Amino acid sequence: MTKAIDQTFTSALTGWYRQNRRDLPWRQDKDPYHVWVSEIMLQQTRVEAVREYYIRFMKALPDVQALAEAEEQTLLKLWQGLGYYNRVRNMHKAAVAVKEEHGGVFPYDYEGLRSLPGIGDYTAGAIASICFDQRVAAVDGNVLRVYSRLNEDAGDVKGTVMKKKVSLELQELYPSEDCGDFTQGLIELGALICVPAGQPRCGSCPVSQYCKAAENGTALLYPVKREKKQRKKVQKTVFLFQCGDKLAVEQRPDTGLLAGMYQFPNVDEAMDAADAVRQAELWGVCPRDLQRRVDYTHVFTHVEWEMQAYYMTVECEDCRFIWANRDQLKKDIPLPSAFRYFLE
Ligand code: ADE
């Protein structure tokens, strides 16, 4: 029989967290700006990948005021490679709102935080519990995995019903102080012990006595996987036009996928070499030669780009494109990973 999940569960988990927590740059203090930026970066991105991004971001924009005043291109550059660029645009909007509507001070409760652009239930819960000691849960994929194993709950972890249920149940378990240790304890357990891939480390788990899946050896069956929708596939031909030491780029439209980022010129179809040269001429660049073709598939959440790129040296820098050397492309121009591949 497993133990009932009550306040003893909370103490076991928070005690373990305090002993075992990773030393991460956003855990140095409880400044809501620090916690907010890290939580947004950590959505969809691994801790190890986030570390350097976080440090660089804080150097460039050390407080919410600096973020509110930053140019979009600076933000996109700081975010380049993390993907989901709307996250940083929303952060900018939220920073402006904090500055203009809240006197530069973060709202210090869940509801106030939740009203800011880009701050959903999870992020509001994380900031409110970690920074302001509020008894509110932050339910992400890690926490849902831990919960569904603890209870052998076959509910759909992608659905809002399950999230709401987990959030309400966890809320009851929050300690009366140091609420952030419970929030981060659950996250840490999901990252270090109750891992998403491979066998969980139930032998080292501080709450295995409470866990039905550990008792029955069923952890790998939870959360129950549901069939995924097929991603749409889009064929693309990408043009790497080189003139002297410069390559042609252009800015993407300001809505939709990778909005406002830069790209190498491209079309949404697979072209053979002859068609690619014709397309180049149509754009007004005069290809001198077509050197080689490189293929690369980039996977986004809902779509896959199957890209083939033609590298051409061209005569002139005129016409519709922006011409940038490799140094500028690396340092100044926000070029998403899908296109950066061809640079590297
Ligand atoms: N993933 C989401 N939030 C996190 C946090 N605060 N620390 C480590 N990993 C996380």
Side-chain angles (χ1 to χ4, degrees), residues 10 13-58 64 67 79 81-84 86-88 90-91 94 106 108 110 113-114 116 118-150 157-158 162-163 166-167 170-171 173-175 177-198 200-201 204-207 223 301:
T10 307
L13 184 65
T14 50
W16 172 82
Y17 172 70
R18 286 171 200 138
Q19 297 282 318
N20 294 281
R21 55 182 242 156
R22 288 167 294 175
D23 183 18
L24 300 172
W26 50 89
R27 290 184 175 165
Q28 310 295 327
D29 56 45
K30 294 182 175 181
D31 182 325
Y33 180 66
H34 296 164
V35 172
W36 173 46
V37 172
S38 69
E39 290 298 345
I40 300 289
M41 285 184 171
L42 285 160
Q43 287 166 24
Q44 326 279 353
T45 313
R46 287 175 308 106
V47 166
E48 284 318 312
V50 165
R51 247 183 221 274
E52 294 308 313
Y53 277 98
Y54 175 84
I55 292 168
R56 191 176 59 151
F57 195 95
M58 284 304 153
V64 70
L67 173 55
W79 211 262
L82 281 173
Y84 306 94
N86 274 340
R87 292 186 292 173
V88 73
N90 278 331
M91 278 176 54
F106 267 88
Y108 53 82
Y110 178 86
L113 290 161
R114 185 71 181 77
L116 294 171
I119 299 198
D121 295 335
Y122 169 79
T123 313
I127 303 173
S129 60
I130 296 171
C131 309
F132 304 124
D133 235 349
Q134 285 205 317
R135 303 181 70 218
V136 277
V139 180
D140 69 352
N142 284 307
V143 175
L144 286 163
R145 181 173 61 258
V146 169
Y147 178 95
S148 53
R149 288 176 178 171
L150 276 169
V157 292
K158 296 266 183 273
M162 176 85 166
K163 272 190 198 147
V166 174
S167 170
L170 289 177
Q171 206 141 328
L173 295 172
Y174 266 75
E177 53 187 25
D178 295 330
C179 292
D181 287 357
F182 189 57
T183 295
Q184 297 208 73
L186 286 164
I187 291 169
E188 207 71 344
L189 192 74
L192 302 181
I193 305 284
C194 202
V195 290
R201 310 191 172 102
S204 311
C205 177
V207 290
T301 312

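Counting convention: from 1, in listed order, for ligands and their atoms alike. Worth saying up front: this structure is predicted, and the values here are computed from it rather than measured.
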Q43 side, atom CD; D140 side, atom CG - distance, nearest 0.5 Å: 8.5 Å
Gap between atom OH of Y17 and atom OG1 of T183 - 0.5 Å precision: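 Rounded to the nearest 0.5 Å, the OG1-OH separation comes out at 9.5 Å.
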Ligand 1 versus I130: contacting region, heavy-atom distance under 4.0 Å: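 For I130, there is no contact with ligand 1 at all, from either part.
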Side-chain donor-acceptor pair present, Y84, T45, cut-off under 3.5 Å: no
N/O separation below 3.5 Å, N142 to ligand 1: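 The answer is no, given that N142 and ligand 1 share no N or O pair closer than 3.5 Å.
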Contact check: D140 vs ligand 1, nitrogen or oxygen atoms, below 3.5 angstrom: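 Such a contact does not occur with ligand 1.
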Under 4.0 Å to a heavy atom of W26 - the qualifying atoms of ligand 1, by number: 5 (C), 6 (N), 7 (N)
Residue Y122 vicinity, atoms of ligand 1 by number, heavy atom under 4.0 Å: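 Atoms satisfying the 4.0 Å criterion: 2 (C), 3 (N).
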Plane angle bin for Y54 and W26 - parallel if under 30°, tilted between 30 and 60°, otherwise perpendicular: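 Correct class here is perpendicular.
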Geometric class of the F106/Y33 ring pair [parallel <30°, tilted 30-60°, perpendicular >60°]: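 Rings of Y33 and F106: tilted, 30 to 60°.
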Nearest protein heavy atom with distance in Å, relative to [atom]:
{"atom": "atom 6 (N) of ligand 1", "result": "E39 OE2, 2.9 Å"}
{"atom": "atom 4 (C) of ligand 1", "result": "L42 CD1, 3.4 Å"}
{"atom": "atom 1 (N) of ligand 1", "result": "I187 CG2, 3.7 Å"}

Close approach, R27 and ligand 1, non-hydrogen under 4.0 angstrom: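 R27: in contact with ligand 1 (<4.0 Å).
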Residue pair M162 / P223, side-chain heavy-atom distance below 4.5 Å: no
Student check: side-chain heavy atoms of Q134 and C179 closer than 4.5 Å: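 Not touching, per the 4.5 Å side-chain cut-off.
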